[in-house]
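In each ligand, atom 1 is the first atom listed, and ligand 1 is the first ligand listed.
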Amino acid sequence: MKLKLLFLTTLILTFAASKLAAQQTPAWAVETPAAKEARMAWWTHDRFGMFIHWGIYALPARHEWVKRHERLGDDVYQTYFERFDPDLYNPKEWAAKARAAGMKYVVVTTKHHDGFCLWDSKATDYKVTNTPYGKDLIAPLVEAFRAEGIRIGFYYSLIDWHHPDFPVDRNHPQWSDDPQKIADLNKGRDMARYRKYMQDQLTELLSKYGQIDELFLDFSYPGVNGKGHAEWGSEDLLRLIRKLQPQILVDNRLDLNDTDWGWDFVTPEQFMPQEWPTLRGQKVPWETCQTFSGSWGYYRDEYSWKSVHQLVVMLIETVSKGGNLLLNVGPTARGLFDHRANERLDGLAGWMKYNSRSIYGCTAAPADFERPQNCLLTYNPTAKRLYIHVLEWPFKSLHLPGYLGKIKYAQLLNDGSEIRFTANTTPGSHTTENSAAGNIILNIPVSRPDVEVPVIEIFLQ
Ligand code: GLC
């Protein structure tokens, strides 16, 4: 009975709090839709970024949640802190690979849920400069990626399984179903002090490294034994972030989805939406984050790696629905991308070298362009070009339903060779059908072009 009451009260409080958040836009957050669009213009154009999950969890090499999954105590987890020494770390190599793969921005974990900090934070001792490696990892990374023309984003975990003031909750490694145990563990833990810690750390991150283009805060799980915007102090946090970096783009994991001002884009994770995601009936900017193999941190024995083909299709599909792809690499404890990651990045580079025009500056095609069989469409509204990504190369004819009068010129994107097209076929002894009125047939070569996914570039009328 008591539990039920507690549950109901929490539910009501959560509901009330979410309504509170929905109240009018605070003065500091007022922005016209046009101004927001301009702030997001680089991101909407660039479409493709590299996520990097790196930390002391690269040593156990069995998921970045290993501390929680295996309920490791601080003492056991400390082993990895004491052994962290990525002697082969060279962020210039990482940046070169990202650039070759066509990635235009990077988002790197500055602190993950385990609380370990990859920079020399003044707010804690639990940081890389106190490991055997002894040096800041973030500054050289920022410099190396910027030198390749890649924009910088920081991932910062709201969750912290190391901080003594972070109350143990249902996601915490020390979580227990025994309420008394939790009460004992949480005695003296002070969320207000932890909020101050987050503010101090974000102040460092957003003032020491020049312009930061994206901030990926992770994540909220409001409700019973969880944490949401009330616990994080999300509104204050966001106000601080916007003050320090007015142009920055912030994800939607602060638990402010009820507002129009508390997030810049939504973040479907390891999930491909069926169509352009909407919120309150409006299409919204979105960035899907995806892994090569399932975990984010380096996982030696994970074998569910996606093929290059799957990844190329994932990128195309994301853009075909108006989104961005943030594709993750989990470097090893020595500081390298492992051979499986390199193979994928090289594959993406091979495709992007010839086909990036169908990604950058592109979005979903207007609704009056029907998707041909086994194809995905992207569209560049400025250049007025349509890109047909042919997933299965058909024999000789690619039928474009309703495209009559819309095409000026067509070519294969990988080699710029002309694709001729016809409006009609005459049924005869060798053909079976009339091309329906309004349709176009592209006369494609019999041999499939030698790229992961061939693209046909259509110059529209
Ligand atoms: C999740 C996971 C995490 C990962 C993140 C990436 O919320 O907790 O391990 O960092 O998603 O988006």
Student: I need the contact residues for ligand 1: any residue with a non-hydrogen atom closer than 4.0 Å to the ligand, ordered by chain then number.
Tutor: Phe51, His53, Glu64, Trp65, His112, His113, Tyr155, Phe216, Asp218, Phe219, Arg253, Glu269, Cys289, Trp296
Student: Looking at Arg334 and Asp87, is there a salt bridge between them, counting it only when a charged N and a carboxylate O are closer than 4.0 Å?
Tutor: yes
Student: Ion pair present between Arg253 and Asp218, side-chain N to carboxylate O less than 4.0 angstrom?
Tutor: yes
Student: Would Lys92 and Glu143 pass as an ion pair if we require N to O under 4.0 Å?
Tutor: no
Student: Output all residues satisfying side chain to side chain donor-acceptor pair (under 3.5 Å) with Lys104, sequence neighbours left out; order by chain, then residue number.
Tutor: none
Student: Specify the closest pair of heavy atoms between Leu376 and Ser320, including all atoms of both residues, with the distance to one decimal.
Tutor: CD2-OG, 4.1 Å
Student: Would you say Arg83 has more than 12 foreign heavy atoms packed within less than 6.0 Å of its CZ?
Tutor: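 No, because the 6.0 Å sphere around CZ of Arg83 holds 12 heavy atoms or fewer from other groups.
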